[in-house]
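This report concerns only the one structure given below.
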Amino acid sequence: MARSVVFSGIQPTGAIHIGNYFGAIKQWVAGQDDAENIFCLVDMHALTVPQEPDVLRGQILETAMVLFAAGIDPAKSRLFVQSHVREHGELTWYLSCVASMGQLQRMTQFKEKSEAQRGEVRAGLFTYPVLMAADILLYRTTHVPVGEDQKQHVELTRDLAQRFNASFGDVFVIPEPAIPKAGARIMGLDDPTKKMSKSVPGSYHAIRVLDTPEQIKKTVMSAQTDSGRDVRADPARPGITNLLGIYAAATGASLEAAETHFADARGYGDVKKELVEILVETLRPLRERYAELSSDPTTVRELLQQGADAVRPIASETVDRAKHAMGVG
Ligand code: ATP
Ligand code: LTN
């Protein structure tokens, strides 16, 4: 059987939170022995909204350190920076000549992010999913482990690959999204109706994977809950549903098992207290490894260069095939 190729990306746009961790990174780490693994710090995607150059530069390195600290193993997986491999920009152009305006207009992330932008919306925010499709298709990816919010973009990638292949011949592999059962959509603790996100300000919105035990405690204990005491997942009660979802993601239990576990809880306070303990213990090894790695940025930079050098030939071959199929190059 052909070997699976796993590819996924993360934006270096701020502190990594438990949504990123349970929705994506945990799957990346767990699957490392089963496939060829390529992970990308998508700095070109970060430019679709305003960034401070020096801050962005620092965040690229910091995000790399978090990923290595989370267990991405350079002996098993390639981790690299998107802008270090020029082929990402190049394939984006060819795919943007296959994508239609209509299909990009249907992307919910564009609608949400463009509404959130004061002033000008950048053209790159609109074509963002085409760059993401290029990321995935360059490496003959079979599986894309992502959180729920990225499913629509992976579907678009499949569609572009199918359209391209139908018009120009079999160049691209059609990838599948891989979305975890628990933790695929963790909501903000300050507002459980909004997805937890790096770019939402406020110290009680997200639990960051590098938060201290005290910070974790403060954020969880201040989480917005609903009126009532029943510890049950219910769309009408997004607060407790989110806490149960985080518990399930952290322990590997199902949502039903989480409900059963808390059947005797005397209210939401009990759930929160136990959740604090579990999160502190789950994140402790990551925080400790990060502290070691952050003292050696040179090694991390070298690993990123090695990652880019290892994947570039694959990307280059794919772009050549795509260009040739379209009648250029
Ligand atoms: P930003 O706020 O900068 O847009 P983000 O926090 O939404 O970032 P990304 O870098 O865009 O995170 O996403 C990295 C991975 O984390 C993706 O696979 C995405 O689906 C997943 N992810 C992001 N937020 C969540 C969440 N709240 N719950 C589960 N998975 C998430
Ligand atoms: N769009 C994604 C990040 C991303 C990605 C990718 C994920 C860019 N390229 C390729 C998977 C595969 C996001 O906003 N989370």
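First listed ligand is number 1; within each ligand, the first listed atom is number 1.
- Within ligand 2, the atoms closer than 4.0 Å to a non-hydrogen atom of Ile136 are 10 (C), 12 (C), numbered from 1 in the order shown.
- Evaluated by nearest non-hydrogen atom to atom 8 (O) of ligand 1, the leading choice among Gln27, Gln59, Lys198, Met196 is Lys198.
- Contacts with ligand 2 closer than 4.0 Å are made by no heavy atom of Asp149, backbone or side chain.
- For the residue pair Gln117/Ser114, the side-chain donor-acceptor check at 3.5 Å is not satisfied.
- Note on ligand 1: Lys113 sits in its first shell, one or more heavy atoms being nearer than 4.0 Å.
- Nearest to atom 2 (C) of ligand 2 among the protein's heavy atoms is Gln150 OE1, 3.3 Å.
- Ranking the protein heavy atoms by distance from atom 9 (N) of ligand 2 puts Asp135 OD2, 2.7 Å first.
- Below 4.0 Å from some heavy atom of Val146 lie the following atoms of ligand 1, by number and element: 18 (O).
- Between the side chains of Asp191 and Gln224, no donor-acceptor pair of N or O atoms lies under 3.5 Å.
- Aromatic ring orientation, Phe39 versus Trp28: parallel (interplanar angle below 30°, classes split at 30° and 60°).
- At a heavy-atom distance under 4.0 Å, no atom of Leu131 approaches ligand 2.
- Within the 4.0 Å heavy-atom criterion, both parts of Ile186, backbone and side chain, lie near ligand 1.
- Aromatic pair His153/Tyr128: ring centres closer than 6.0 Å.
- Residue-level proximity to ligand 2 for Val154 is absent, since no heavy atom of it falls below 4.0 angstrom.
- Residue nearest to atom 26 (C) of ligand 1, selected from Pro177, Gly147, Gly19: Gly19 (by heavy-atom distance).
- Taking only non-hydrogen atoms, the option from Pro145, Pro12, Gly23, Ser197 nearest to atom 2 (O) of ligand 1 is Ser197.
- For atom 11 (C) of ligand 2, the nearest non-hydrogen atom from the set Gly9, Gly23, Pro145 comes from Gly9.
- Atom 6 (C) of ligand 2 has its closest protein heavy atom at Met132 CG, 3.5 Å.
- Heavy atoms of Gln11 found under 4.0 angstrom from ligand 1 belong to the backbone as well as the side chain.
- The proximity of His17 to ligand 1, defined as any non-hydrogen pair under 4.0 Å, is limited to the side chain.
- The shortest side-chain heavy-atom distance between Phe22 and Gln27 does not fall under the 4.5 Å cut-off.
- Of all the atoms in ligand 2, the ones that sit under 4.0 Å from a non-hydrogen atom of Phe7 are 10 (C), 12 (C).
- When the shell of 6.0 Å around NZ of Lys217 is examined, it contains 12 or fewer heavy atoms from other residues, nucleotides or ligands.
- With hydrogens and angles left out, the side-chain atoms of Gln152 and Thr108 include a donor and acceptor closer than 3.5 Å.
- Of the heavy atoms in Ala184, only backbone atoms (N, CA, C, O) come closer than 4.0 Å to ligand 1.
- If you number the atoms of ligand 2 from 1 as listed, the ones under 4.0 Å from a heavy atom of Val144 come out as 11 (C), 12 (C).
- Close approach to Ala24 involves these atoms of ligand 1, each under 4.0 Å from a residue heavy atom: 15 (C), 16 (O), 18 (O).
- Side-chain contact check for Leu79 versus Pro74: every heavy-atom pair is 4.5 Å or farther apart.
- Between Phe80 and Tyr139, the ring planes are perpendicular. Angles over 60° get that label, and only those under 30° would be called parallel.
- Remark: Lys111 NZ is packed, more than 12 non-hydrogen atoms of other residues, nucleotides or ligands lying under 6.0 Å away.
- Heavy-atom contacts of Val146 reach the following atoms of ligand 2: 7 (C), 11 (C) (cutoff under 4.0 Å).
- For the residue pair Gln109 / Gln150, a side-chain donor-acceptor distance below 3.5 Å is found, with atom types taken as modelled.
- Ligand 1 places these atoms under 4.0 Å from at least one heavy atom of Gly183: 29 (C).
- For atom 14 (O) of ligand 2, the nearest non-hydrogen atom of the protein is Tyr128 OH, 2.6 Å.
- Grouped by direct or indirect side-chain proximity (heavy atoms under 4.5 Å, Ile/Leu/Val/Met/Phe/Trp/Tyr only), Leu131 sits with Met44.
- Distance alone, capped at 3.5 Å, is enough to place a donor-acceptor pair between the Gln32 side chain and the Val29 backbone.
- The Val42 neighbourhood of ligand 2 comprises atoms 8 (C), 9 (N), with distances under 4.0 Å to a heavy atom of that residue.
- Of all the heavy atoms of Asn20, the ones lying under 4.0 Å from any atom of ligand 1 are found in both the backbone and the side chain.
- Of all atoms in ligand 2, numbered sequentially from 1 with element shown, those under 4.0 Å from a heavy atom of Gln11 are 14 (O).
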